[in-house]
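In what follows, chains carry the letters A, B, and so on, assigned in the order in which the sequence lines appear, proteins first and then strands, with residues in each chain numbered from 1.
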Amino acid sequence: MSYVVEGSSGPWEVVIGLEVHAQVVSRAKLFSGAATAFGAEPNTQVSFVDAAFPGMLPVINGVCVAQAVRTGLGLDAQINLVSRFDRKNYFYADLPAGYQISQYQHPIVGAGSVEIELADGSTRRIGVTRLHLEQDAGKSLHDQHPGKSYIDLNRAGVALMEIVSEPDLRSPEEAGAYLRKLRTILRYLGTCDGNMEEGSLRADVNVSVRRHGEPFRTRCEVKNVNSVRYVMQAIEAEAKRQVAVWEDGGTVGQETRLYDVARGATRAMRSKEDAHDYRYFPDPDLLPLVLDAAWVAELGRHLPELPDAKRARFMRDYGLPAYDSAVLVAEQATADFYETVARGRDARLAANWVIGDLFAAFNRTGRGIEDSPVAAAALGELLDLMADGTINGRIAKDVFELMVETGEAPGAIVESRGLRQVTDTGAIDAAIAAVLTANADKLAEYRSGKDKLFGFFVGQTIKSMAGKANPALVNEALKRALG
Amino acid sequence: MLDLSLAQVRTALRTRKVSARELARAQLDAVAALNPRLNAFITVTPDLAERHAAAADAALARGEHGPLTGIPLAIKDLFCTEGVRTTAASRILDTFVPPYESTVTANLLRDGAVFLGKANLDEFAMGSSNMTSAFGPVANPWTRTGDNRPLVPGGSSGGSAAAVAARLAFGATATDTGGSIRQPASFCGIAGIKPTYGRCSRWGVVAFASSLDQAGPLARSVEDCAILLGSMAGFDAKDSTSADLAVPDFAAACARGVKGLRIGVPREYRSDSMAPEIEALWQQGVGWLRQQGAEIIDVSLPHTKYALATYYIVAPAEASSNLARYDGVRFGHRAAGEDLIELYERTRAEGFGAEVRRRIMIGTYVLSAGYYDAYYLRAQKVRALILRDFTEAFRHCDALLTPTAPSAAFGQGEKMDDPVTMYLNDVFTVPANMAGIPGLSVPAGLDAQGLPLGLQVLGRPFDEETVFAVGAAIERAAGFTHRPSIRAGA
């Protein structure tokens, strides 16, 4: 059932489009040589160009252009070999030149798409309208002094990609899936680090509501939402607000709003009447950006395998279910880790260990794939110990916990703690005999037809051998004993 | 000595007939004596000049010299000069000291020049009379015969032109957005060239209209201009619109002659209202070139009549955006305000003069939603047609000859009632900026009141050499040896 907002007068469909601002991974800014590192002391990464001193001129950073093209290719998008930079004029204290250099009419990347996966296993292709390059603004700090504002221009001039979706999204879940998928693609490409806490990825969310089958109604833009969760919450809150306005006989006006996380509601920032007239015009300091088709093709040849292709390959080559594949490819590092573990081994077992035990260990230890407490090679070795019968699956879980705790290699843990699987049939027979003797009542029940107790005897036997017994041998011996 | 040409004084320096320090001191003394009357300099930099001159002498003593070693120059106060106040003749920058040197002035320093100071101009280079400077008007060293009332030197590079004409410098840097090199050259009886857009780097030059601004030299002879341009020009990776082309030997081109060249005379530059003296001088120029072996042909530039109107859309539009950075936040003049908006409003109201405010408003208007297509976009289309006119004309000729300005220098305070009257000064010069082509003004004669008049030579993009060749031919034929009444040594 598709997502609707239930109003007092019936269900409302929600229409969502996202404008995502992704900070380009590059050492220098879009039009100046200043550095882009996050968290530096205020105003230490500012050139005279960034501060818009008289006579300073922008020069395009080729790395940023390549990153935008690579991103476009990763979104299956049209690459525009001729694009242009425009000035978007408005006054603000953290906008040094009084204009932002952006691409208004002729973006570097045209139409593309992103495929999203939903919880029910279905997929949808979401249209990307365009991607363009633009400068970030600086930051105004209003809380440093009672009567003054401070300006930090470190971010001023940093390259952003604005990635605009079609109004194809129909629920908070879809919007969340789109944003996560986009983030994954950007991280695979290495064109944006996707770090939403540091503001490297932020979204403006356009929301409108309508009755089923209607044309679009007026939308509102919720600005600068900086997490997937807040995007989803903001959509829900804004859609409900709009439904209430319409149902009260009112009209939703086009405006820019902010999502108040604490209140869980959006509030007006400025209406269309207060909107700036940005007076866009081509930046005369910059020539049109003309790309060589061969250069674009070369970038295309060196793109990494992207998540959709990787997921398909995992399903095909490793026989993994779609869900497991999607989980494993969400981060390139996880996929690489998995492939190291799976190579030459039982690929489905490897997937279970990574998704199950390894991820559980991440949750427990607060670590992640980049600083995993267990190396991929070590996990592979653990799987080998199971495969060659050195340890059984139960012991493997214990060995894994010890690996997480101590960082020791699985082989060393097995040896030093004497966890090697017991395959001595004499010892197994003796253990069975002791179990049967100690559980004479259960034995009688079994013999009177309660077959299910067989498993109980297996468990008791293995437990009595501190888990180290080979389960297959125990099964066999027990069958013989109960013969 | 101060009356020599740049080329001549260069020889004197190289042969050690005069030291760079002696020359600089003589020049600074002349500036001290005459600047109170002319107001050609906003800032005089005697210490800097002494330092540059000392370095020049040391280089000359070692037998090493660059193309400009020891040559005293005036720098239009639109070029940022490291550690030297750069005002753009505006209150809003009256305390601004750049921490960097513009590419053009750095090139001149590389070649050994001595900087005397920063020359006056119209505020942000917006004007044709130097009347809009926040540092007061510049007086033209020329006066009408029997009339001592001060005349304007033209604009916007009025201080540069006045300084050169009055022998207060051997040359000067200038900039030309709609005629700001050529018109003052004409008014002050000196030579000046606006090279092809992209020939000189705009990096470090306070921007007026980025797609039109181009730096160039003013000097007392065509050859002197060629020498200076050779040093100023060159590719600069810091300016995306800079042309990645080698710099030709402009000075050598001055001696080429015009034999066999086809010179176009654009019929649209002729009007019934043109002063008979200017019409006569133009015809004389045509005659001089014909006598020296050039073929004269009639050409048409049909969109000329739209150039001025188009210019006064494009230039203010770009200016309105370029001048947004003067907001009182990071540098320059700041007026206190209760909030950010008030700070902006007070700072800019106090900092900008009337003409600058007028152009910011025009520019803001033509870029506004709903007006953009009718004004800015349309202007860009006309601009393309103007360029096409020139491209077509240059299929038939090698250079064009026109008057530089519709009149000789006028009095301070004249033509001030209506901005459009002032704007009409640029009618012959603006098309070259719109098309990006090179244009040179060369002094060719005096009017009946004893004031200099210039002729303009226009050339193909990046063919300044032909422009210099034609300009030098006119200069030789004109034999212009008149000097202004106010000058060093007079």
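Annotation: B:R85, atom CZ; neighbour count of heavy atoms from other residues, nucleotides and ligands within 6.0 Å is above 12. The environment of B:R110 atom CZ is dense: over 12 non-hydrogen atoms of other residues, nucleotides or ligands sit within 6.0 angstrom. Crowding of B:Y371 atom OH: a count of heavy atoms from other residues, nucleotides or ligands under 6.0 Å not exceeding 12. Other residues, nucleotides and ligands contribute over 12 non-hydrogen atoms within 6.0 Å of the CD atom of A:Q144.
Side chains of B:F124 and A:P54 form no contact here, defined as non-hydrogen atoms less than 4.5 Å apart. Looking at heavy atoms from C-beta onward, B:F331 lies out of side-chain contact with A:P96 at the 4.5 angstrom threshold.
The most heavy-atom pairs under 4.5 Å with chain A, out of B:N322, B:V366, B:L78, come from B:N322. Chosen from B:I341, B:T241, B:D327, B:L93, the residue pairing most often with chain A at heavy-atom distances under 4.5 Å is B:T241. Ranked by heavy-atom pairs under 4.5 Å with chain A, the first of B:S368, B:G332, B:A207, B:A209 is B:S368. Listed options A:A52, A:P282, A:A51, A:G98 were ranked by heavy-atom pairs under 4.5 angstrom with chain B; first place goes to A:A52. For the options B:S320, B:G204, B:C80, heavy-atom pairs under 4.5 Å to chain A are most numerous at B:G204.
Note that OG of A:S149 and CG of B:L343 are 10.5 Å apart. Values are rounded to the nearest 0.5 Å. Atom OG in B:S240 sits 5.0 Å away from atom CG in A:L286 (nearest 0.5 Å). For the atom pair B:K238 NZ and A:L57 CG, the distance stands at 9.5 Å (nearest 0.5 Å).
There is no contact between B:F79 and chain A, counting heavy-atom distances below 4.5 Å. Neither the backbone nor the side chain of B:D213 comes within contact range of chain A; no heavy atom of the residue lies under 4.5 Å from a heavy atom of that chain. Looking at A:Y278, there are no atoms closer than 4.5 Å to chain B (heavy atoms on both sides), in backbone or side chain. Proximity to chain A is limited to the backbone of B:V205, based on heavy atoms less than 4.5 angstrom apart. Heavy atoms closer than 4.5 Å to chain A are found in both the backbone and the side chain of B:T364. Both the backbone and the side chain of A:D285 come within contact range of chain B, judged by heavy atoms closer than 4.5 Å. For a residue to count as touching a neighbouring chain, one of its non-hydrogen atoms must lie under 4.5 Å from one of that chain's; by this rule B:F208 does not touch chain A. Heavy-atom distances place the backbone of B:A237, and not its side chain, under 4.5 Å from chain A.
A pairwise comparison of heavy atoms in A:P284 and B:Y197 identifies O-OH, 4.0 Å as the closest pair. The shortest non-hydrogen separation linking A:A97 to B:A324 is O-CB, 3.5 Å.
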- Task: Dump the intermediate steps for side chain to side chain contact (heavy atoms under 4.5 Å, CB included) on A:Y280 and B:L367, then the final yes or no.
- Result: CA-CA 7 Å; A:Y280 284 101; B:L367 290 175; over 6 Å; no
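The main-chain N or O of B:S321 is never found under 3.5 Å from a side-chain atom of A:N89 such that the two would form a donor-acceptor pair. Judged by distance alone, the side chain of B:R330 and the main-chain N or O of A:F53 form no donor-acceptor pair under 3.5 Å. Side-chain N or O atoms of B:Y344 include one that pairs as donor or acceptor with a backbone N or O of A:A93 at under 3.5 Å.
Counted by atom type alone, A:Y99 and B:R325 present one or more donor-acceptor pairs between their side chains at under 3.5 Å.
Between A:F281 and B:Y372, the ring center distance fails the sub-6.0 Å criterion.
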